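Before any comments, here is the structure.
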Amino acid sequence: KSGPKVAWTAKNLGTGWGTPSVADGKIFGIGTRDSKDGVWALKETDGKELWFTPFSDPATGLGPQTNGPASTPTFHKGKVYAVSANGTLTCLDAKSGEKSWSKSYVRDFGGSQPKWGYTESVYADGDKIVCAPGGKGAAVVMLKADSGEEVWKTDVGAVGKGNGYSSPVKATFGDVPAYVVLLGEESGVVAVRADNGKVLWQYKGLGATGGVAQIPIPIVKGDKVFVSCSYDKGGSALLQVSPKQNGTFEVKALKAYKKN
């Protein structure tokens with residue numbers, strides 16, 4: 001009763017459970033509407049819908065507690081990037097909603113639709129974007145932001161068991177820029193070089209191999225990485241990343257906690 005007054009309300013945006021993003025005077029979100037997964041944009045000042053762009057068929061065979069797509073749209077340099085539950089990545093013009101390009105995590109990169117659908121939000125970095133399809137030989141992929149053309153893809157070895165729910169972040173270890181992402185139980189958490197996508201380090205211990213659904217985004221500060229996951233073998237771990245003389249990096253758990 002004593003809180004701020006409601007400024008406006010927007011309805012009928014579609015089913016889904018993604019978080020909106022706010023940029024450039026607009027609010028962007030994702031939802032299923034008229035049997036299509038799509039991205040919507042609202043005017044920030046009054047909630048008026050500016051556009052809705054359908055870009056994917058809804059995913060089928062999803063687990064319970066799922067009513068639509070869950071990616072948070074990424075705004076970058078006048079474009080919006082979003083991922084549908086079936087792994088369709090689209091690039092849209094932020095002003096008009098016009099589609100620029102799209103890729104399929106499954107068809108283009110060998111990914112496998114997770115039980116509750118892909119929920120990743122891509123990472124935009126300069127004129128590139130980084131995503132995590134989780135495919136064999138293409139667990140992490142960098143694309144040109146304006147065209148979707150592949151720049152590099154990362155082979156992390158075995159993949160699967162809970163991939164597709166977390167999102168990449170950027171960090172620097174030593175003087176090497178990298179992207180860190182929690183993948184599935186088979187892959188754990190990895191850091192890949194920003195320049196060529198090669199694996200910088202990989203950790204498959206407690207806190208990064210819970211299985212079922214690996215969701216939390218790793219937290220990086222300096223040479224420390226906090227990683228956590230739940231379900232069957234869940235837990236959390238504080239990792240330390242150290243450079244070695246041969247130009248490689250060593251990662252070890254300073255502390256690790258097992259789920260009760």
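Computed from heavy atoms alone, side chains included, the values below leave out hydrogens, waters and symmetry copies. Because the structure is predicted, anything quoted here is derived from the model rather than measured.
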Problem - Student check: side-chain heavy atoms of W101 and L143 closer than 4.5 Å - result: yes
Practice task
Ignoring hydrogens and angles, tell me if any N or O in the side chain of S71 forms a donor-acceptor pair with the backbone of S84 under 3.5 Å.
Solution key: no
Completion exercise
Rounded to the nearest 0.5 angstrom, the CZ-CG distance for F28 and L92 is 9.5 Å
Exercise for the section: Applying side chain to side chain contact (heavy atoms under 4.5 Å, CB included), run through T154 and Y179 and close with a yes or a no. Expected result: CA-CA 11 Å; T154 303; Y179 304 105; over 6 Å; no
Exercise for the section: State, with a plain yes or no, whether a side-chain heavy atom of K115 is found less than 4.5 Å away from one of V212. Expected result: no
Completion exercise
For G174 and F249, the nearest pair of non-hydrogen atoms, with its separation, is N-CE2, 4.0 Å
Practice task
Would you indicate whether N196, at its atom CG, is surrounded by more than 12 heavy atoms from other residues, nucleotides or ligands within a distance under 6.0 Å?
Solution key: yes
Exercise for the section: Looking only at non-hydrogen atoms, find the nearest pair between Q113 and Y118 and report the distance. Expected result: CA-CE1, 3.9 Å
Handout entry: Y105 vs V141 side-chain heavy atoms within contact, under 4.5 Å
Key = no
Exercise for the section: For the pair V159 and L183, evaluate side chain to side chain contact (heavy atoms under 4.5 Å, CB included) and give the outcome as yes or no after the intermediate values. Expected result: CA-CA 8 Å; V159 294; L183 298 169; 5.9 Å; no
Exercise for the section: Determine yes or no for a side-chain-to-main-chain donor-acceptor pair under 3.5 angstrom, with E186 supplying the side chain and K161 the backbone. Expected result: no
Exercise for the section: Of all the heavy-atom pairs spanning A145 and I129, show the shortest one and how long it is. Expected result: CB-CG2, 4.0 Å
Exercise for the section: Quick one: pull up NZ in K128 and CG in D146 and give me the separation to the nearest 0.5 Å. Expected result: 9.0 Å
Practice task
State, with a plain yes or no, whether a side-chain heavy atom of S104 is found less than 4.5 Å away from one of F109.
Solution key: no
Exercise for the section: Just grab all the ring pair (Phe, Tyr, Trp, His ring centres under 6.0 Å) pairs involving residues 146-174, residues at least two apart or on different chains. Expected result: F173-W201
Handout entry: Same apolar cluster: Y123 and V151, side chain cutoff 4.5 Å
Key = yes
Exercise for the section: Report yes or no: does T72 contribute a side-chain atom to a donor-acceptor pair with the main-chain N or O of T19 at less than 3.5 Å? Expected result: yes
Exercise for the section: Would you mind reporting whether L206 and Y257 have side-chain heavy atoms less than 4.5 Å apart? Expected result: no
Problem - Distance, nearest 0.5 Å, that separates CG of L50 from NZ of K48 - result: 7.5 Å
Handout entry: Over 12 non-hydrogen atoms of neighbours within 6.0 angstrom of CG in N246
Key = yes
Handout entry: Side-chain donor or acceptor of H76 paired with backbone N/O of G126 under 3.5 Å
Key = yes
Exercise for the section: Determine whether Y81 and I30 fall in the same hydrophobic cluster, where Ile, Leu, Val, Met, Phe, Trp and Tyr are linked whenever their side-chain heavy atoms lie under 4.5 Å apart. Expected result: no
Practice task
State the OG-NZ distance between S236 and K258, to the nearest 0.5 angstrom.
Solution key: 13.0 Å
Handout entry: Partner residues of E150 under the side chain to side chain donor-acceptor pair (under 3.5 Å) criterion, sequence neighbours left out
Key = none
Handout entry: Verdict with reasoning, I217 to L182, per side chain to side chain contact (heavy atoms under 4.5 Å, CB included)
Key = CA-CA 7 Å; I217 297 174; L182 176 64; over 6 Å; no
Completion exercise
What one should report as the nearest heavy-atom pair of G157 and K136 is O-NZ, 3.3 Å
Handout entry: Side chain to side chain, K198 and V192, heavy atoms closer than 4.5 Å
Key = no
Exercise for the section: Evaluate the side chain to side chain contact (heavy atoms under 4.5 Å, CB included) criterion for residues V80 and F75: first the C-alpha distance (whole Å), next the side-chain angles of each, then the deciding distance (0.1 Å), finally the verdict. Expected result: CA-CA 5 Å; V80 177; F75 174 89; 4.2 Å; yes
Problem - D34 atom CG, neighbour heavy-atom count above 12 within 6.0 Å - result: no
Exercise for the section: Could you give me the CA-CA distance, side-chain angles and deciding distance for N86 and S56, then say whether side chain to side chain donor-acceptor pair (under 3.5 Å) is met? Expected result: CA-CA 8 Å; N86 72 8; S56 171; 3.1 Å; yes
Exercise for the section: Would you name the heavy atoms of P69 and D37 that are closest together and state the gap between them? Expected result: CD-OD1, 3.7 Å
Problem - Single-linkage hydrophobic cluster L238~V251, side-chain heavy atoms < 4.5 angstrom - result: no
Handout entry: Note: D24-K26 ion pair, threshold 4.0 Å (strictly below)
Key = yes
Exercise for the section: Return yes when atom CD of E98 has more than 12 non-hydrogen atoms of other residues, nucleotides or ligands closer than 6.0 Å, and no otherwise. Expected result: no
Handout entry: ILVMFWY cluster, V180 and L239 together (side-chain gap under 4.5 Å)
Key = yes
Exercise for the section: Would you mind reporting whether T53 and T90 have side-chain heavy atoms less than 4.5 Å apart? Expected result: no
Exercise for the section: Please check if V22 and F52 belong to a single hydrophobic cluster, counting links between Ile, Leu, Val, Met, Phe, Trp and Tyr side chain heavy atoms closer than 4.5 Å. Expected result: yes
Fill in the blank from the handout: When rounded to the nearest 0.5 Å, the distance separating CD1 of I27 from CD of E44 is 5.5 Å
Practice task
Check whether more than 12 heavy atoms from other residues, nucleotides or ligands sit under 6.0 Å from atom NZ of K79, and answer yes or no.
Solution key: yes
Practice task
For residues R33 and P54, determine if any side-chain heavy atom of one lies less than 4.5 Å from a side-chain heavy atom of the other.
Solution key: no
Completion exercise
Scanning both residues in full, the closest heavy-atom pair of A158 with S187 reads O-OG, 2.7 Å
Practice task
Without swapping roles, check the side chain of Q214 against the backbone of A208 for a donor-acceptor pair under 3.5 Å.
Solution key: yes
Problem - Donor-acceptor contact present, side-chain S21 to main-chain T74, <3.5 Å - result: no
